[in-house]
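Let me begin by presenting the structure, written as structure tokens, before commenting on it.
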Amino acid sequence: MKQKTHKTGLAYAAQMPMRHLIDDNHMLLAVLTRFGISLGFGEATVADVCKSSGVHADTFLAIANFMSGYPADIKNADVATMMKYLRDAHHYFLDYVAPNRRRDLLQAICSADGSRMSLAIIKFYNDFINEIRRHMEYENDVVFNYVQALIDGRDPGDFSIDDFSDKHAPMHSKLSELKELLVCHFTAERGCVDMLNSFLFNLVTFEYDLKMHCALEDSLFIPMIRALEAEGIRNVTIDSRSPLDDNGDVSLTNREQEIISCIAQGMSNKEIAEKLFLSVHTVATHRRNICSKLNLHSASALAVYGIMHGFV
């Protein structure tokens, strides 16, 4: 007999038939698409479907559980798989959903009375799509490249995931406003009512999907990257074999020298972050690295070091 996960409250597990997950939450169809998982899997389990599709099962389960309101375990999730999922979601939103909803909106209002109002509505929608495009391209080009550097063990630069987290905001609010404008203030021509209602129905799905996407980044992706950053710090071993400069002193980057200069001037991490346009988390990470390199752990000692070496 088919298991009713939504009634028993059971989180999804690897040995559950994949079809039960879809029965429980039809929104997971979009998740399958973004993972590149084809339909037609019959009674195959989540583990078997993921294996045949080349998908990391624990990452899929973390996302599926989160999207369905169940506890999401990211302990064994794979960062690279999570990042690919998010990148493919961006492609889905920008190249499929957004243009299709725009087409539907045009059909629903193009013949309505008051072309000025119709043009204003289309402009509102276009501006919204441009906004989420900038948001998602920033993630693709900046955030994901930073994460890939962490995964590869390369120098990720001065960026940190908190630089992204501090500015990360939900993107769906303008869709709520568009819905409000159309429902409460726009009267469609008689022949367009069905098309407008169909557009609004799809708009609600688009809004919910975007809302959950942003929440997933906040609740799963960002904590995973913070753990990856912490792991990178723990794996840095700095001792007497640290690189030395031409004078035989421990080699510090330009950014580390700037931070020592700020410390010597009595500035707090928050003040340093504001001065250098960094996050407080990034400044704290630099300070930990500096202390490890120099084996100096107090602000006063770092200040003296900075003065001795001309950083102030």
Side-chain angles (χ1 to χ4, degrees), residues 74-75 77 79-80 82-83 86 134-169 217-312:
I74 60 174
K75 181 175 61 177
V79 172
M82 177 69 73
M83 190 164 61
L86 295 174
R134 288 191 297 270
H135 179 108
M136 292 180 176
E137 287 179 349
Y138 169 78
E139 292 181 19
N140 289 345
D141 298 337
V142 177
V143 180
F144 295 165
N145 285 342
Y146 164 75
V147 173
Q148 191 61 53
L150 290 177
I151 293 171
D152 296 342
R154 295 181 282 109
D155 180 8
D158 292 328
F159 189 83
S160 87
I161 198 62
D162 281 352
D163 295 325
F164 168 61
S165 176
D166 291 345
K167 297 180 290 187
H168 192 233
E217 289 180 326
D218 287 336
S219 300
L220 302 188
F221 179 66
I222 290 174
M224 288 174 69
I225 306 312
R226 285 197 180 117
L228 190 62
E229 289 174 335
E231 185 65 29
I233 292 171
R234 286 195 295 270
N235 288 339
V236 173
T237 302
I238 302 173
D239 52 23
S240 58
R241 294 170 295 178
S242 297
L244 304 179
D245 61 21
D246 293 339
N247 297 320
D249 294 319
V250 173
S251 180
L252 298 173
T253 67
N254 290 337
R255 180 67 82 194
E256 289 169 341
Q257 293 177 22
E258 288 178 324
I259 288 175
I260 289 177
S261 173
C262 292
I263 294 170
Q265 296 172 58
M267 298 172 66
S268 66
N269 281 4
K270 184 175 184 297
E271 290 169 331
I272 297 171
E274 291 173 353
K275 176 180 174 62
L276 301 180
F277 303 102
L278 302 172
S279 72
V280 175
H281 172 82
T282 300
V283 173
T285 300
H286 279 303
R287 286 189 71 150
R288 284 194 296 269
N289 289 342
I290 292 167
C291 291
S292 296
K293 282 185 176 183
L294 302 177
N295 198 28
L296 300 174
H297 300 283
S298 68
S300 58
L302 291 174
V304 171
Y305 178 91
I307 294 170
M308 292 174 63
H309 288 78
F311 298 154
V312 182

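- Across Ala169 and His135, no two heavy atoms sit closer than the pair O-CE1, 3.9 Å.
- Two residues are said to be in side-chain contact when any heavy atoms from C-beta on lie closer than 4.5 Å; Glu258 and His286 fail this criterion.
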Under the side chain to side chain contact (heavy atoms under 4.5 Å, CB included) rule, what do Met83 and Val143 come out as? Steps first, then yes or no, please. CA-CA 10 Å; Met83 190 164 61; Val143 180; over 6 Å; no

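- Partners of Phe144 under the ring-ring contact (aromatic ring centres under 6.0 Å, His included) rule, at least two apart in sequence or in another chain, are His90, Phe221.
- Here the closest non-hydrogen pair linking Met224 and Ala77 is CE-CB, 3.8 Å.
- In this structure, Lys167 has no salt bridge (Lys or Arg N to Asp or Glu O under 4.0 Å) partners at least two apart in sequence or on a different chain.
- In this structure, the side chains of Ile272 and Leu278 stay at 4.5 Å or more apart for every pair of heavy atoms.
- Put simply, OG1 on Thr285 and CZ on Arg287 are 12.0 Å apart, with the number rounded to the nearest 0.5 Å.
- Val283 is not listed as a side-chain neighbour of Leu276, based on a closest heavy-atom distance of 4.5 Å or more.
- Side-chain atoms of Ile225 and Val79, non-hydrogen and from C-beta on, do get closer than 4.5 Å to each other.
- For the atom pair NE2 (His168) and CD1 (Ile222), the distance works out to 6.0 Å, reported to the nearest 0.5 Å.
- Separating the CE atom in Met82 from the CG atom in Leu220 is a distance of 5.0 Å, to the nearest 0.5 Å.
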For side chain to side chain contact (heavy atoms under 4.5 Å, CB included), just list the numbers for Ile151 and Leu228, CA-CA rounded to whole Å, side-chain angles, deciding distance to a tenth of an Å, and then say yes or no. CA-CA 8 Å; Ile151 293 171; Leu228 190 62; 4.1 Å; yes

Can you list the steps and then say if Glu274 with Lys270 is a salt bridge (charged side-chain N to carboxylate O under 4.0 Å, His left out)? CA-CA 6 Å; Glu274 291 173 353; Lys270 184 175 184 297; 2.7 Å; yes

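- In this structure, Asn289 and Thr253 have side chains that are not in contact, with every pair of non-hydrogen atoms separated by 4.5 Å or more.
- Asp163 places a side-chain N or O within donor-acceptor distance of the main-chain N or O of Ser160, the cut-off being under 3.5 Å.
- His309 is not listed as a side-chain neighbour of Ile260, based on a closest heavy-atom distance of 4.5 Å or more.
- Side chain of Gln257 to main chain of Leu252: a donor-acceptor pair is present (N/O by atom type, distance under 3.5 Å, no hydrogens or angles).
- Taking the side chain as every heavy atom from C-beta outward, Leu86 and Asn140 never approach each other to under 4.5 Å.
- Of the inter-residue distances, the one linking Phe311 atom CZ with Leu302 atom CG reads 11.0 Å to the nearest 0.5 angstrom.
- A donor-acceptor contact closer than 3.5 angstrom links the side chains of Gln265 and Ser261.
- Between Phe159 and Tyr146, the ring-plane angle classifies as perpendicular under the 30° and 60° cut-offs.
- Here the CG atom belonging to Leu150 is positioned 11.5 Å from the CG atom belonging to Asn145, to the nearest 0.5 angstrom.
- Glu229 approaches Ile161 most closely through the heavy-atom pair OE2-N, 2.8 Å.
- In this structure the side chain of Pro223 reaches within 4.5 angstrom of the side chain of Ile74, judged on heavy atoms.
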